[in-house]
Amino acid sequence: MGDYIVRATAADNQIRAFAATTRELVEKARLAHNTSPVATAALGRLLTGGAMMGVMMKGEKDVLTIQVKGDGPIGGLTVTADSQGHVKGYVDNPVVMLPPSKAGKLDVGGALGNGLLSGGLRVIKDMGLKEPYVGQVALETGELGDDLTYYFATSEQVPSSVGLGVLMEKDNTVKQAGGFIIQLMPFSDEKVIEALEKKISEVQ
């Protein structure tokens with residue numbers, strides 16, 4: 001089965017969610033840019049997040065751009081997506097190599113570093129208005145899922161949970177890639193919030 005995005009609502013529309021499987025997309029990007037494993041993971045996570053954020057937009061011609069700039073060796077990432085889920089992107093330093101993190105995983109956070117002095121995470125939405133919407137936050141961890149969670153809470157005031165992942169084979173091809181975005185609507189009641197927080201804590 002190819003890549004796809006699923007949209008869902010729950011609790012009488014108090015919760016909305018997006019989930020994506022993106023192995024083919026991330027493998028195609030790896031081949032196109034000849035990325036190292038950690039660069040593949042970083043770009044793959046942002047491509048996945050960008051695709052889901054793109055389909056959140058309502059206008060047929062709306063375009064979203066996510067720029068990430070940290071002080072780590074990877075430099076930065078740029079991803080562009082539209083409301084149909086089409087997405088493309090690139091990484092500044094595609095051949096960066098780093099040892100695994102303490103948890104034994106690809107060290108995306110170490111590759112990106114933080115953006116306190118170098119730009120952070122910026123989201124630009126071109127919705128056909130005179131000026132595009134621009135939201136910017138500092139990089140919290142460089143792990144991208146956490147950073148997009150922080151972006152939604154800080155810049156768009158939407159409580160969210162974002163999970164993004166890329167799993168590599170031993171031959172450095174992409175074994176699996178995907179992610180989710182879960183968001184609370186402004187009218188969500190406390191019981192729904194507590195139940196969702198409990199569920200999310202169980203899967204992270």
Side-chain angles (χ1 to χ4, degrees), residues 1-29 40-68 77-89 108 121-127 132-135 137 140-141 143-167 174-189 192-204:
M1 184 181 289
D3 294 348
Y4 60 91
I5 296 175
V6 175
R7 313 179 206 207
T9 59
D12 293 326
N13 294 319
Q14 294 180 70
I15 299 170
R16 74 169 183 173
F18 301 81
T21 178
T22 55
R23 191 200 72 80
E24 291 181 9
L25 166 68
V26 179
E27 176 63 10
K28 186 173 181 180
T40 301
L43 181 58
R45 290 181 189 182
L46 199 62
L47 286 166
T48 302
M52 291 187 287
M53 290 172 68
V55 301
M56 291 179 181
M57 299 188 296
K58 296 176 181 178
E60 191 174 321
K61 296 182 179 179
D62 291 354
V63 176
L64 171 95
T65 301
I66 307 173
Q67 299 171 334
V68 179
L77 305 165
T78 300
V79 162
T80 300
D82 65 18
S83 58
Q84 284 78 51
H86 303 124
V87 62
K88 60 185 178 181
V108 172
L121 185 149
R122 177 182 295 181
V123 177
I124 305 163
K125 295 180 182 179
D126 186 348
M127 297 175 285
Y133 165 84
V134 180
V137 295
E140 288 291 286
T141 66
E143 292 291 337
L144 295 178
D146 296 338
D147 297 306
L148 286 172
T149 298
Y150 180 66
Y151 161 78
F152 279 119
T154 303
S155 191
E156 297 193 7
Q157 285 80 54
V158 180
S160 307
S161 179
V162 183
L164 304 168
V166 175
L167 183 64
V174 178
K175 182 175 184 179
Q176 193 52 265
F180 65 83
I181 299 174
I182 302 172
Q183 298 186 318
L184 286 166
M185 296 296 97
F187 50 85
S188 300
D189 64 47
V192 170
I193 295 170
E194 289 172 7
L196 181 60
E197 287 176 344
K198 184 174 184 294
K199 286 291 185 183
I200 291 172
S201 69
E202 291 171 359
V203 301
Q204 290 184 333

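Scope of the values below: all heavy atoms of this structure, side chains included, with no hydrogens, waters or symmetry mates.
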Atom pair CG (D82) and CG (D62), whose distance is rounded to the nearest 0.5 Å: 9.5 Å
Heavy-atom closest pair (G50 atom, L64 atom, distance to 0.1 Å) is O-CD2, 3.8 Å
Residues at least two apart in sequence or cross-chain that pass side chain to side chain donor-acceptor pair (under 3.5 Å) with E27, listed by chain then number, are R30
Any idea which heavy atoms bring Y133 and S155 closest together, and the distance? OH-OG, 2.9 Å
Can any side-chain N or O of T149 pair as donor or acceptor with the backbone N or O of V162 at less than 3.5 Å? yes
Answer whether the closest heavy-atom distance between the side chains of V174 and V166 falls below 4.5 Å. yes
Would you mind reporting whether K125 and M56 have side-chain heavy atoms less than 4.5 Å apart? no
Taking CD in Q157 as the centre, count heavy atoms belonging to other residues, nucleotides or ligands within less than 6.0 Å. Is the count above 12? yes
OG1/T154 to CG/L121 distance, rounded to the nearest 0.5 angstrom? 10.5 Å
So which heavy atom on G49 is nearest to which on L148, and how close? CA-CD1, 4.4 Å
Separation between CZ of R45 and CD of E143, rounded to the nearest 0.5 Å: 5.0 Å
Over all heavy atoms of both residues, which pair between L43 and A29 is shortest? Give the atoms and the distance, please. CD2-CB, 4.2 Å
A20 and I5 have their tightest heavy-atom pair at CB-CG1, 3.8 Å
Stepwise, does the side-chain contact (heavy atoms from CB on, under 4.5 Å) test hold for L164 with L46? CA-CA 8 Å; L164 304 168; L46 199 62; 5.8 Å; no
L144 and A42 have their tightest heavy-atom pair at CD1-O, 3.4 Å
Is the backbone N or O of M57 less than 3.5 Å from a side-chain atom of S83, with the two atoms forming a donor-acceptor pair by type? no
I need the M53 CE to I181 CD1 distance, nearest 0.5 Å. 6.0 Å
Residue pair R7 / M52, side-chain heavy-atom distance below 4.5 Å: no
With rounding to the nearest 0.5 Å, note down the distance linking CG in L47 to CG in L25. 5.0 Å
Check whether any side-chain heavy atom of T48 sits under 4.5 Å from a side-chain heavy atom of V87, and report yes or no. no
For residues 10-18, which side-chain N or O atoms pair as donor and acceptor with protein atoms under 3.5 Å away, sequence neighbours left out?
from	atom 1	to	atom 2	distance (Å)
N13	OD1	T9	OG1	3.3
Q14	OE1	D189	N	2.8
Q14	NE2	A11	O	3.1
R16	NE	Q183	OE1	2.8
R16	NH2	Q183	OE1	2.9

Any side-chain heavy atom of T141 within less than 4.5 Å of one from D147? yes
Would you compute the distance between atom OG of S160 and atom CG of L184 and round it to the nearest 0.5 angstrom? 7.5 Å
Does some side-chain heavy atom of D126 sit less than 4.5 Å from a side-chain heavy atom of K61? no
